[in-house]
Structure formats: structure tokens, C-alpha cells
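Only one structure is covered here, and it is reproduced in the block below.
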Amino acid sequence: MASEGTLTSSGYIKHHLTNLTFGCTDDGCGIAHSAEEAKEMGFWAIHLDTMFWSIFLGALFLFIFARVAKNIQAGVPGGMQNFVEWIIEFIDENVRGSFTGKNDYVAPLALSIFCWIFLWNFMDLIPVDVIPEFAVRALGIPYMKVVPSTDPNATFGMAIGVFLMVLYYSIKIKGFKGFSAELTMHPFEADNILLKILFLPINFVLETVALIARPISHALRLFGNMYAGEVIFILIALMFSGGFGALFVAGGVLQFVWAVFHILIITLQAFIFMVLTIVYLDMAHQHH
Amino acid sequence: MNINATLLGQLITFFVFVWFSKKYVWGPIVDTLAERRTQIADGLAAAEKGQAAQAEGEKQAAVIIGDAKVQAGDILGKAEKRGSEIVDEAKANASVEGDRILVAARAEIDTEVSKAKEGLRSQVSELAVAGAQQILKREVDKKAHADLLGDLAAKL
């Protein structure tokens, strides 16, 4: 709840959906104290909460996995090693199933994406007020959005990262000529040179739109799902504001039901993002 | 909800994490899994080999035991034969030895007998002379009648 504002429903929701933004306005540099101020900072501002939580969670994942990898032995595996191996084999199976090319980076990429997004999404299961309230009261931090996947910057950052890899491998595998041909010789094909030239711009527009649509849908699918889930959690949390009563109990029940349902969603979204990454990269590795 | 430099930060973080997970997570773990796979395959192959070796060994052992039985039978037969030979030999030796002892004993007995006869002869001759003295109530000249007494003793 905003430290300076009165407690209204819309204020509460707005507060929960505002990132801790650091950037510069005409008045100087610093942390934005309102969503409007954050907007004013333009492109060269940074969401400190998104950066902190995403790097923290990613580092947590890498730390656990790297520690297991460092002490790994081929003999009988222990508990943590078993768990890590289970995930690795799950990812490996998926990559083998969907990816036909040969590229050593795809499997670790899929692993990082799956675990990282899963941990991002997992933050959604922590009751919405716990960390922001702690940040306000104990640390004096006015805004704290803890789920990185509800920040389009995070999902777009990842989707664009995948997209760049798709472009890189498309050109590397097919050559610039092959890649251009892919963009301009489909879906309308012709043997006649004149028709070919005629179709070229049409094909190019169609294929480019299709190509650009991929990272956008990739990022927005994850963002949309997690953002909607987060908003519903916030709405449920609003029910607790009326004091103890029927609404409070209903809120508790709803919170539980939605959280259980969300366990499925967060895993599924992480899985979908990973599978789409593998499929896009597989397309980049295919010759026509 | 603003798109801003966070995007770039995330992008860079993403590539760093992917690189890290390839180098320090995926590589070692997948290598170890492959290593374990080969270890298990090796173990299974070794077990199979061991089983085959065991079967082979059992076969060989059966052959060896068969040979040993035959040999043992041979040795037993030979030993029995040798034993009976030794017994026969011993029997023959014993009878020869017995005969020898018997002969020696007889010879000894003969000499004892002749010695005793000698002794008896001289004593009988003296007794005869004494008897004759008593009968004749006179001195018999031992020297003058030595021939006579010698004859007598020889007749006894």
C-alpha cells in the first residue's frame, strides 16, 4: 500500500503494478515516486525490482545447478543430484524430440529458459503483499514488483534474445542467400522470372510479418498469462481489506484455489516458452 | 508497464546465463550422465561375460572332475594290486625267513643235543667206572682200562 497515498482499490492495484523505476527526468535522476514519473523517464530508465529479482532467481538456479555439476559423480546419485539430473533429462528428452539439427547450445538454452521462467513465475505464488510490504516497512522501498515475468521488459528481453539466436543461426546455417530466399520465395512460388519478381515484395512482407510476430507472441504469451494471474491475485487480496468477515473467508478460499491452479500455469508457461524456443531454433536450422 | 532499458539489461543477463549454464551446468552434468551410461553398459557386459566365463568354468570343472575320477580309479586299482603284491611278497619272505629260522633252530638243537650227549657220555663213563669199582671192590686202573671205557662211552 502506497506509503503516501490513501488506501483505495484502484490505488492499491496501481501500486502493485508499478515497478521500482530508476531513471532521469528533467528534475534530476532518482527513483520514480509514481507511475507517471516513471513514464516520464522514457526509455533510459531501469526497473530495479525486475532486474534484481530476475538476476537473483537466475543466479539461484545457476548456483544450485553448478554446485551439483561441480560435485557430480557417475556413481549412485544423491538427493539433490537426482533432482537436477531429473530436470536435465526431462529437458534433454524435449530437445531431442523437437530439435533435429546439431547445436550444443540449444539444450542448455532450453534448461536456462525453463528453470529461469519457472522461478520467475514461482514468485507469483508468494502472497502479493508479503515482499512489497516488507520492502516499504523495513527497507523504505516504495515499489516492489516481485514477479519478473509480469514485466514485459523481462519477457521481451528473453524473447528477443531467442529471436537474435534464431537470426544468427538462420544466417549461419542457410547463409545470407538462403535466409533471404526463405523470406522472399515463399509462400507464393513461380517458375516465371517476371512472376517471381512480382511476388518478391508480397512474400517479403508476409514472411517478415510472420518472422517478427514470433518473438512478440512469444513474449506476450508469457507476459499476458502471468500478468493476468498477478492481477487476479491482487483482486483476491483486495477482498482481505474489508476486515474479517464473509468476504475475508471467501478471499482465503479463492486465494488457495487460484494458487493451486497457478502451480499448473507457471509450470506450463515455462514449458511452453521453452518448447517454442526449441521449435524456433529448429526452424532456423532447417534447410528448404 | 513501460518498455525501457530494463529490456537491454534482461537481454544481456539472458545471454550471460545461457553461456554460464552451458559451460558450468549442462556440459558437466550431461558428460557425467553419459559416463554413467557407459559404466552401466560396461557393468552389464562384464556381468554377461562373467556368466559366460562361469558356465565355461563349470564345464571345464566337470571335465576335470571326470578325468580325476578316472585317474583316482586307476590309482586305486594300482594301489590294490600293489598291496596284494606286497602281501604276497611278505608272505613269501616270511616263509623263507621261517624256514631259515627253523633250519638254524634245528642246527642249534642238534649241537645242543650232541653237546649234552658228550657231557652225558663222560659222566656215564665215570659212573660206569665208579659202578665197576664198587662191584669189583678194587682199584681199577683208569689208564689201563681207558680203551675199554672209551668203547663203553662210545656205545652209549
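Order of the sequence lines sets the chain letters (A, B, ...), proteins ahead of strands, with each chain counted from 1. Keep in mind that what you see is a predicted model, and the values were worked out from it rather than measured.
Interatomic distance, OG of A:S170 versus CZ of A:F163, reported as 8.5 Å (0.5 Å rounding).
Using a 4.5 Å cut-off between heavy atoms, B:L33 contacts chain A through its side chain alone, with no backbone atom that close. The contact between A:V84 and chain B is made entirely by side chain atoms (from C-beta outward), counting heavy-atom distances below 4.5 Å. Contact of A:T155 with chain B is not made at all, since no heavy-atom distance falls under 4.5 Å. For a residue to count as touching a neighbouring chain, one of its non-hydrogen atoms must lie under 4.5 Å from one of that chain's; by this rule B:I40 does not touch chain A. Only the side chain of B:F15 comes within contact range of chain A, with at least one heavy atom under 4.5 Å from a heavy atom of that chain. For A:Q81, the part sitting under 4.5 Å from any heavy atom of chain B is the side chain, from C-beta outward, and nothing else. Neither the backbone nor the side chain of B:V16 comes within contact range of chain A; no heavy atom of the residue lies under 4.5 Å from a heavy atom of that chain.
Remark: A:R214 qualifies as a cation-pi partner of A:Y280 under the 6.0 Å distance and 45° angle criteria applied to the six-membered ring.
When each of A:F90, A:F61, A:F65 is tested with A:F114 by the rule ring pair (Phe, Tyr, Trp, His ring centres under 6.0 Å), just one qualifies, namely A:F90.
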Is there a ring-ring contact (aromatic ring centres under 6.0 Å, His included) between A:F22 and A:H47 once you walk through the steps? CA-CA 6 Å; A:F22 180 88; A:H47 292 159; over 10 Å; no

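At most 12 non-hydrogen atoms from other residues, nucleotides or ligands lie less than 6.0 angstrom from NZ of A:K14. More than 12 heavy atoms of other residues, nucleotides or ligands shown are found within 6.0 angstrom of CZ on A:F43. In the displayed structure, B:E48 atom CD is contacted under 6.0 Å by at most 12 heavy atoms of other residues, nucleotides or ligands.
Interface remark: of the candidates A:L109, A:I88, A:L111, A:I113, A:I88 forms the most heavy-atom pairs closer than 4.5 Å to chain B. Ranked by heavy-atom pairs under 4.5 Å with chain A, the first of B:V18, B:L8, B:I29, B:I12 is B:I29.
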